[in-house]
Amino acid sequence: MSCFIFLTFLVFSFQLRDSSGGAVEEISLIKNLLTSIFNRYKTDMASLQEVVELTTGDLNRWKGNVSGRLQNLELALGTVEKNKGVDGTSDSFHGLIERVERLETLGRMTFARTCKQLKDLGVKESGHYFIDPDGSGVGIPPVEVFCDMKSGTTRISHELKGEQQVSPCRERGCFVRAVNYAIPMKQLEAIILMSSHCEQYIRYDCKMAPLNSDNESNAWWMDRHEKLHFYWSGSGDVESYLGYEGVCYCYHQQICLTEDVKCNCDAGEEAWTYDDGQLTDRNQLPVTKLNFGNTDTEGQDARFQLGPLFCSGEEPLPLEMDSCDSLWRSTATGPGYQMIKGKDDKYPKVVYCDMDKLPGNNGFERTFGSPGNLREFVAFDAFLEDAIEDNYRYIGFSGTLVNIGEAFDVVDGIFTVPVTGTYLFSAHGMPKRNKPLNIQIHRNSQPVASFSNGKSGEAMVGQSVILEVAVGDEIRLFNSGGEIAGDQGTPDSYFHFIGVLLYSSDRM
């Protein structure tokens, strides 16, 4: 631009000189030069405009491609509705950046089981998020909760919003309100198990409507295990020394309205007063039902509030995979057989972990045995072919179908325990026709079980017993008066004596 002004100034100067007889040829030369520069400028600008148009077209095509790919991802992840598309602002550069950041946040949520884990993964903005407390890919689907990312706290709401009126009724606990939460109880309980701290606020406003009267409670609440509680602040430890007495925060702090009550409302004030507190026992939370009563007298009135459940922190991850519980807390794999080894186990053991349940539920962990114990597995099945008519002697056998561990002496009929543990022993036989049969199972020459046909008969009789025995113990059968039928004609002998190791104490 400055060059143009300078050349214009020259032309003007020469025009002045020309009017006074200056150099006409020099003016013509400058005019030609300016014309050449202007033409070159027009050509360059046209080329530049073409480049800009091409670049803008490529950029728009790129934006359209990226926007379409983002929308496909958003549809797959459920962040936009199908066939609804996105608005125009979403296709701007700023809109694209926001959508990418949102997808990055969703990517961090893949394995998050609590808001604390989301926070640790880098999610910073508080809001509603989907988490999967019982484990990714197992149990029931993920649930939506509110996450406070300043503290990593998970908030679970319920349907009893704000202050609730207690309807007048005469009996204790006659007014009932069930508490239904925004997520299934299994996922809610999983959040509690994964967190290190949980609390729920509760408040009871009263006017001449006591929580306790005549040494009995008028109100109580139910926990997730359907057990009733009568305290209104703190943890369940108070029940160990107060039992079923209703007790409030003011009692713990020694600030109740009068010294002879455990709750402010028990003072029977005609003016409105209240009791409130934070329930903090993770083994009992959340509150699932509330009961109030004894509120039908003239002048009585009552209201209550129950806050959301808040859970924060995280239980330390186990250092060793020594139980189904530790596997659930660390990885939450699907149901199946696992090999674990506890700190007190000599050998690993095979367990079935039902990850569709939660730790503490019946059937969550079922023990099946110890592979380390298989080399010490013991079992025998001895049979008798010859009839026995001699009374009051130990019974020898004809052979064994199984003698794993070689601990059974066939001739003397003695099983010498090779591995300390729990064993099953069983015997059954056929008495001779119309003859008595009385057999005792002995451990170290002392009877531990017996079976008899009642002095006569031809039906099969038997007995089974489970014993805790130690290495070196001797188990054998004693004929205490009777005759045993032989069975040489068929391979399936009538008389069998069986023993099998169920559980070895050596693996403890």
Side-chain angles (χ1 to χ4, degrees), residues 156-181 197-310:
I156 305 100
S157 301
H158 54 75
E159 62 182 12
L160 299 180
K161 307 294 185 182
E163 196 174 70
Q164 303 290 314
Q165 182 68 40
V166 176
S167 300
C169 61
R170 178 172 298 179
E171 304 300 326
R172 302 179 191 273
C174 52
F175 174 84
V176 184
R177 277 292 178 271
V179 186
N180 298 310
Y181 289 86
H197 176 78
C198 292
E199 62 183 40
Q200 190 168 18
Y201 176 76
I202 189 165
R203 172 171 171 147
Y204 179 71
D205 288 83
C206 57
K207 186 163 65 171
M208 299 174 60
L211 287 168
N212 310 281
S213 59
D214 299 327
N215 296 319
E216 291 189 49
S217 294
N218 297 316
W220 53 84
W221 57 274
M222 181 183 288
D223 67 14
R224 70 176 185 266
H225 306 295
E226 298 187 352
K227 293 183 179 180
L228 302 181
H229 303 280
F230 301 84
Y231 70 94
W232 303 94
S233 177
S235 70
D237 295 341
V238 67
E239 295 177 315
S240 63
Y241 60 89
L242 287 177
Y244 293 107
E245 294 184 49
V247 60
C248 297
Y249 176 78
C250 69
Y251 176 78
H252 299 304
Q253 302 298 316
Q254 298 182 349
I255 57 173
C256 292
L257 293 177
T258 61
E259 293 182 357
D260 60 336
V261 297
K262 294 184 174 66
C263 295
N264 287 323
C265 288
D266 295 349
E269 295 290 312
E270 293 184 4
W272 280 102
T273 187
Y274 69 92
D275 287 289
D276 70 342
Q278 294 284 356
L279 302 174
T280 59
D281 197 321
R282 289 193 304 129
N283 295 319
Q284 298 173 354
L285 290 172
V287 175
T288 60
K289 187 183 291 186
L290 286 157
N291 290 66
F292 300 98
N294 193 9
T295 57
D296 70 330
T297 303
E298 184 178 353
Q300 287 185 311
D301 202 353
R303 300 187 290 263
F304 75 90
Q305 296 180 49
L306 181 67
L309 178 70
F310 292 92

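The model shown is predicted, which means the values in this text are computed figures rather than measured ones. Both backbone and side-chain heavy atoms feed into the values below; hydrogens, waters and symmetry mates do not.
Heavy-atom neighbours of Gln254 CD from other residues, nucleotides or ligands within 6.0 Å: at or below the threshold of 12. Annotation for Tyr201: atom OH counts as buried by contact number, over 12 foreign heavy atoms lying within 6.0 Å. For CD of Glu171, the number of neighbouring non-hydrogen atoms (other residues, nucleotides, ligands) closer than 6.0 Å is 12 at most. Annotation for Glu159: atom CD counts as buried by contact number, over 12 foreign heavy atoms lying within 6.0 Å.
No hydrogens or angles considered: a donor-acceptor pair under 3.5 Å links the side chains of His229 and Glu239. Side chains of Ser213 and Asn294: a donor on one and an acceptor on the other come within 3.5 Å. Between the side chains of Gln305 and Asp276, no donor-acceptor pair of N or O atoms lies under 3.5 Å. In this structure, a donor-acceptor pair under 3.5 Å is absent between the side chains of Asn180 and His158.
We find the CZ-OG distance between Phe175 and Ser167 to be 5.0 Å, quoted to the nearest 0.5 Å. Note that the CG atom of Asp266 and the CG atom of Asn212 stand 4.5 Å from one another [nearest 0.5 Å]. Rounding to the nearest 0.5 Å places CG of Asp281 at 5.5 Å from OG of Ser235. In this structure, Lys207 NZ and Arg303 CZ are separated by 8.0 Å, a value rounded to the nearest 0.5 Å.
Ring to ring, Trp221 and Tyr231 are close: their centroids are under 6.0 angstrom apart.
A salt bridge links Arg172 and Glu216; the closest N-O separation between the charged side-chain nitrogens and carboxylate oxygens is under 4.0 Å.
Of the candidates Tyr274, Trp232, Phe292, Phe292 is the only one forming a ring-ring contact (aromatic ring centres under 6.0 Å, His included) with Phe304.
The side chain to side chain donor-acceptor pair (under 3.5 Å) test applied to Tyr204 returns no partner, not counting sequence neighbours.
Among all heavy-atom pairs drawn from Asp223 and Gln284, the shortest one is CB-O, 2.9 Å. Asp275 and Asn264 get closest at one heavy-atom pair: OD1-N, 2.8 Å. Shown here for Thr280 and Glu199, the closest heavy-atom pair between the two residues is CG2-CB, 4.1 Å. Across all their heavy atoms, Lys262 and Tyr251 have their closest contact at O-CB, 3.3 Å.
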Run the side-chain hydrogen bond (donor to acceptor under 3.5 Å, both in side chains) check on Gln165 and Asp301 step by step: do they pass?
CA-CA 9 Å; Gln165 182 68 40; Asp301 202 353; 2.7 Å; yes
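Although no hydrogens or angles enter the test, the distance criterion places a donor-acceptor pair under 3.5 Å between the side chain of Gln300 and the main chain of Met208.
Here the side chains of Val287 and Tyr181 are in contact, with some heavy-atom distance below 4.5 Å.
Disulfide status for Cys248 with Cys256: absent, SG atoms not under 2.5 Å apart.
Sequence neighbours left out, the pairs with a member in residues 198-241 that pass disulfide (SG to SG under 2.5 Å) are Cys198-Cys311, Cys206-Cys265.
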